[in-house]
Visitor: 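This structure is in structure tokens; I'll ask about it shortly.
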Amino acid sequence: MTAITDRLPASSGRDQGFFLGGAIAMTLVIVAGFSLQLAMGRSSFTAPWYVHAHAVVFMGWVGIYLTQNVLAATDRIALHRRLGWIASGWVVLMIVLGFVVTVAMVRRGGVPFFFRPVQFLVFDPVSLFTFAGLAWAAVRLRKQTDWHRRLHFCGMSLLLGPGFGRLLPMPLLTPWAWEATTVAVLLFPLAGMIADLRRDGRIHPAWFWGIGVLIGSTLLTEVITYSPVGTALYAAVTAGSPGAGIDPLAFPPPPGPPPAP
């Protein structure tokens, strides 16, 4: 995300339109995914407070990301910089609430039936830390706008997993549902590579770093999931809860049919 900056020069690069268009497309994926979830009755406003807080904070980040791209595209850098300070604290809130919701779902045995419980427990925090790492790297390179915006773009792409997960036919993709969302997420940085190639005749190296980190986080998740580390982590997190009685590597049963009217 073009966000947390001390000094970000006004950008007049030819790639400005791509990043603004990409931010809009990402926002639409998230909004469409969660709107579909609500329209089909799979979301409930009776969820615990921390679920609502999680939703507000993560949707807030989507709004910040889109706003920052609009500000950068219109050269309102002073406001862009001030909003960036808010964004820096926002990442911390996202990590905390992401952990809270993930642990709560695993402990009560509420993992979606197309995910292995231990895989769900692992991929959420790994994804959040990967996102935060890309954001941190982008901030460190904020004076190099070309790197800054591409690394943030890759980080934001990673957060599209829940949006794609609500748009894709996840039950039909089992046992590769999570991997399918990862492939969908990679479409955005791949589009960035293609845009660079068409515009400049070369691919910026930031894309290779960003995509490499995304693939690396996927491989790390898989390794932990199917290792004794993942099993031990699941046992420690679910101890004394209904989730402890669930096989961490077995897919939960799908929900039953709705009650007759």
Visitor: What's the separation between atom CG in Leu159 and atom CE in Met26, rounded to the nearest 0.5 Å?
Guide: 9.0 Å
Visitor: Applying side-chain hydrogen bond (donor to acceptor under 3.5 Å, both in side chains), can you list everything that pairs with Thr231, at least two apart in sequence or on another chain?
Guide: none
Visitor: Is the shortest heavy-atom distance from the side chain of Ser127 to the side chain of Ser217 under 4.5 Å?
Guide: no
Visitor: Less than 4.5 Å apart, any side-chain heavy atom of Met156 and any of Val62?
Guide: yes
Visitor: Show the atom names and distances, to 0.1 Å, of all donor-acceptor pairs under 3.5 Å that link a side chain in residues 91-116 to residues at least two apart or in another chain.
Guide:
| residue | atom | partner | partner atom | Å |
| --- | --- | --- | --- | --- |
| Thr102 | OG1 | Gly98 | O | 2.8 |
| Thr102 | OG1 | Asp124 | OD2 | 2.3 |
| Arg107 | NH1 | Val237 | O | 2.7 |
| Arg107 | NH1 | Ala239 | O | 3.1 |
| Arg116 | NE | Tyr226 | OH | 2.9 |
| Arg116 | NH1 | Leu249 | O | 2.8 |

Visitor: A side-chain contact here means heavy atoms from C-beta on lying under 4.5 Å apart; do Arg142 and Val139 qualify?
Guide: yes
Visitor: Would the distance check show the side chain of Arg166 and the main-chain N or O of Pro162 forming a donor-acceptor pair, the cut-off being under 3.5 Å?
Guide: yes
Visitor: Enumerate the ring-ring contact (aromatic ring centres under 6.0 Å, His included) contacts for residues 178-199, please, sequence neighbours excluded, ordered by first and then second residue.
Guide: Phe123-Trp178
Visitor: Hydrophobic clusters join Ile, Leu, Val, Met, Phe, Trp and Tyr when side-chain heavy atoms are under 4.5 Å apart, directly or via other members; which others share one with Ile24?
Guide: Leu20, Leu28, Leu66, Val70
Visitor: How would you list, by chain and number, every residue that makes a side-chain hydrogen bond (donor to acceptor under 3.5 Å, both in side chains) with Arg76, sequence neighbours excluded?
Guide: Thr74
Visitor: Inspect the contact between Asp196 and Arg199 and indicate whether a charged nitrogen and a carboxylate oxygen are less than 4.0 angstrom apart.
Guide: yes
Visitor: Check for a donor-acceptor pair, side chain of Ser227 on one end and backbone N or O of Ile224 on the other, with a separation under 3.5 Å.
Guide: yes
Visitor: Using ring-ring contact (aromatic ring centres under 6.0 Å, His included) as the criterion, list what pairs up with Trp90, not counting sequence neighbours.
Guide: none
